[in-house]
Structures are given as structure tokens and as C-alpha cells.
There are 2 protein chains.
Amino acid sequence: MLSKKSQYAFKALTYLAEKYNKGPVLISEISKKKKIPLKFLENILLELKKAGILESKKGKGGGYFLKKDPSKVNVANVIRLVNGPIAMLPCVSLYFYERCKNCDEKHCGLHDMMILVRDASLNILENRTLKDLLL
Amino acid sequence: MLSKKSQYAFKALTYLAEKYNKGPVLISEISKKKKIPLKFLENILLELKKAGILESKKGKGGGYFLKKDPSKVNVANVIRLVNGPIAMLPCVSLYFYERCKNCDEKHCGLHDMMILVRDASLNILENRTLKDLLL
DNA sequence: TGATTATCCTACCAACTAAGTAGACTTTTA
DNA sequence: TAAAAGTCTACTTAGTTGGTAGGATAATCA
């Protein structure tokens, strides 16, 4: 399941996508409109900024805004960043791979099935962007 | 991600599937062969029994065994039982549904996308059984 | 019938993660 | 230089995960 943090992240990102190219948006505005706890939202937006998805401006007239066009922000990447692995097992994860202990990946039915699940999910998530989440 | 508990459950179940119709298997045997902490495995097997997947026999010559043929034990159901929801959001879960707060499901792009992901995953998991996990 | 074998059950615990809060600091701009 | 706004460090609180301990209960067999 996606964490609350991830759900907040998507709400904030889609809000910013709607306001793309309309100047910086206050954290407090996003917090109010999307009903996300202010200080928690601060952390999330900062993380998204450090990952290169958002940009910010300090001082009066400042706020957060998308660094790239909404159609360039990949959904799978946002999930990996905020939520972690998409795969159901570490041994089939592309970005968070860890070897199974006491289990030979070459002869593991669970492993093989989870690769199929991973690919089916990625087939959707890798081909969607923030733009697809609007409306 | 699947919990360790879930991974242990699948290891134990596939082991029992290999021994289907060959009489009860000791918890301690599964524990040793599959390298699963004994007392933790006890809990897991008991849970699987209560869910109607396993059967047990007490006393000498006792142990655990599959209640049904491995080809009748659905993978999706095992995951739901031991790990929880398969969907990535409560608002798109079939068996663990919860309404979104502050979010209209009729107009939510995230919701729509997560239904696609859910269905893609279920399409695989619902059509596999323990038998498919062997070898 | 009583010892042995094995599951069943209740309770507990340590470590970690999720979710959120507090408060001071820094930078920008008017 | 004061106000506005993001940045940073640290904390709290609640819940989950991954176990462990020890006894109760039931079945078998000598």
C-alpha cells in the first residue's frame, strides 16, 4: 500500500501541476486546499525538491513550483522516491534489489511470478506522468 | 512489499505442496529445511489453518498438511490473508476497501490509475495457485 | 493410565517505521 | 531592516514487524 506521505505527495504534485507556469505556490496554500498537515507537507515538498522534481523560491512572493512540465514527471519515479520499491519482493526489484537468502532465484516459482506482477505494474506506472493524473 | 511473514508462509506452503498426500509434516522439519524461526512459523501455520488452507494433527505422527490440492490454493488469497491488501490504495481495494477522505473518487486520476495497476496484478495473482509455484 | 509427542494459545518484547510537531535558522524582497 | 517564506534538526507518539517464552491441550502408544 502507498503511505499517507505518498498520497499527500501526489495531491500536492497534481495541485502544482494545475498551476504550472503560474508562479510559486505557498506551502500553506497547498496545505489548506488539499488538507495536508502543514509541517508534514514541508518535509515532503523539500524531499521532492532535493530529488529534482520541484523548485522553490524563498521570501515574499516565494513558494514551490514544478521544475519540469507535468508531462515529464514520471509516476513510477515519484512512487520510488516517496514510497520505496514497486516490486513485491526485494529479489525482483529493479531499483532496490537485494538477493534472497536461502533461496535460489533460478528455481523459485514465487520469484518468477513476482517478476510478472512487477512488469505488469511498471507497464502502467512507467508510462504515466503527472499530466495523466489531472482531471 | 511482502512481509517476511508472507515469504515464510509461501516457503512453508510450497514445501507442504511438495509433500501433499504424504502425511503430516512436523513444524520443526519445515523450520529446519526452510530456515524459518520455529516459534514464528508456529504462528504462521496456525493462522493458515484457521483460514482453512492447512489442516493439522496433534500427538505422535502429527504435523501440518494441506487441506486441499495445491492447484486449489489461490495465491492472491494467501497474500490477502498473510500480508493484507494487494491494491496500492484503500479506495481501490476489493477486499479491504475504505473511502478516500477529501477526495472524490469520481474525479481522481490517481484512483483511476491505481485501479489499472490493481487489475493488472490481480490478473496474474488470481490465476495462480500453489502448484504454479513449484519448481 | 501415564509418559511422550506435538500442536495450540496467550502473552510479551525489542526494533523499526509512519505520521506528525516544535522551534529555531536562513534567504529574499519590499 | 522587517516581514515573508522556505530550510533544517530534533523530537514525539502510535502502530507494525519480527520475533520469543512458556504453559495448555490433545493424541498416541507402551
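Proteins get letters first, then strands, A, B, ... in listed order; numbering begins at 1 in each. All of these numbers come straight from a predicted model, not from anything done at the bench.
Note on Lys57(A): every side-chain N or O is 4.0 Å or more away from OP1 and OP2 of dA4(D). Look at Lys60(B) and you won't find any side-chain N or O under 4.0 angstrom from OP1 or OP2 of dA30(D). OP1 or OP2 of dT17(C) has not a single side-chain nitrogen or oxygen of Ser3(A) nearer than 4.0 Å. The side chain of Tyr8(B) contributes no N or O atom lying less than 4.0 Å from OP1 or OP2 of dG18(D).
When each of Gly59(A) and Ser6(A) is assigned the nucleotide of DNA chain C bearing its nearest heavy atom, the one mapping closer to the 5' terminus is Ser6(A). Mapping Asn43(A) and Gly61(A) onto DNA chain D by nearest heavy atom places Gly61(A) at the nucleotide closer to the 5' end.
Under the 4.5 Å side-chain contact rule for hydrophobic residues, Ile124(A) and Met113(A) do not share a cluster.
Within the 4.0 angstrom heavy-atom criterion, only backbone atoms of the sugar-phosphate kind lie near Ile27(A); the bases stay farther away. Contacts of Leu38(A) with the nucleic acid, taken as non-hydrogen atoms under 4.0 Å apart, are absent. As judged by a 4.0 angstrom heavy-atom cut-off over every strand, Lys4(A) is placed among residues touching the sugar-phosphate backbone only. As judged by a 4.0 angstrom heavy-atom cut-off over every strand, Leu45(A) is placed among residues making no nucleic acid contact.
Straight-line distance from the CD atom of Glu42(B) to the C1' atom of dT5(C): 13 Å, rounded to whole Å. Rounded to an integer number of Å, the gap from Glu55(A) CD to dT28(C) P is 12 Å. A straight line from CD1 of Ile44(B) to P of dC9(C) spans 16 Å, rounded to a whole angstrom. Whole-Å rounding puts the Glu47(B) CD to dG18(D) C1' distance at 13 Å. With rounding to whole Å, Phe40(A) atom CZ is found 15 Å from dT17(C) atom P. Per the geometry, CG belonging to Leu48(A) stands 14 Å off P belonging to dG6(D), to the nearest Å. Following rounding to the nearest Å, Lys49(A) (NZ) and dT26(C) (C1') show an atom-to-atom distance of 12 Å. At whole-Å resolution of the value, CD1 in Ile36(A) and P in dT21(C) are 13 Å apart.
With hydrogens and angles ignored, the 3.5 Å screen pairs a side-chain donor or acceptor of Arg118(B) with a backbone N or O of Val92(B). With hydrogens and angles disregarded, no donor-acceptor distance shorter than 3.5 Å links the side chain of Asn83(B) to the backbone of Ile79(B).
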**OP:** Under the salt bridge (Lys or Arg N to Asp or Glu O under 4.0 Å) rule, what do Lys33(A) and Glu18(A) come out as? Steps first, then yes or no, please.
**Re:** CA-CA 13 Å; Lys33(A) 288 286 175 60; Glu18(A) 284 166 2; over 6 Å; no
Subject >> Tyr20(A) vs Phe65(A), ring pair (Phe, Tyr, Trp, His ring centres under 6.0 Å): CA-CA, chis, key distance, verdict >> reply: CA-CA 7 Å; Tyr20(A) 184 58; Phe65(A) 48 98; 8.9 Å; no
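Listed candidates were dG23(D), dC8(D), dT26(C). Nearest to the side chain of Lys39(A) is dC8(D). Nearest to the side chain of Ser56(A), among dG6(D), dG18(D), dC8(D), sits dG6(D). Minimum atom distance to the side chain of Lys50(B) is reached by dC9(C), of the listed dC9(C), dG6(D), dT20(D). Relative to the side chain of Tyr64(A), the nucleotides dT20(D), dG6(D), dG20(C) differ in distance, and dG6(D) lies closest.
Ion pairing between a basic and an acidic side chain is recognised when a charged N comes within 4.0 Å of a carboxylate O; Lys32(A) and Glu29(A) show no such pairing.
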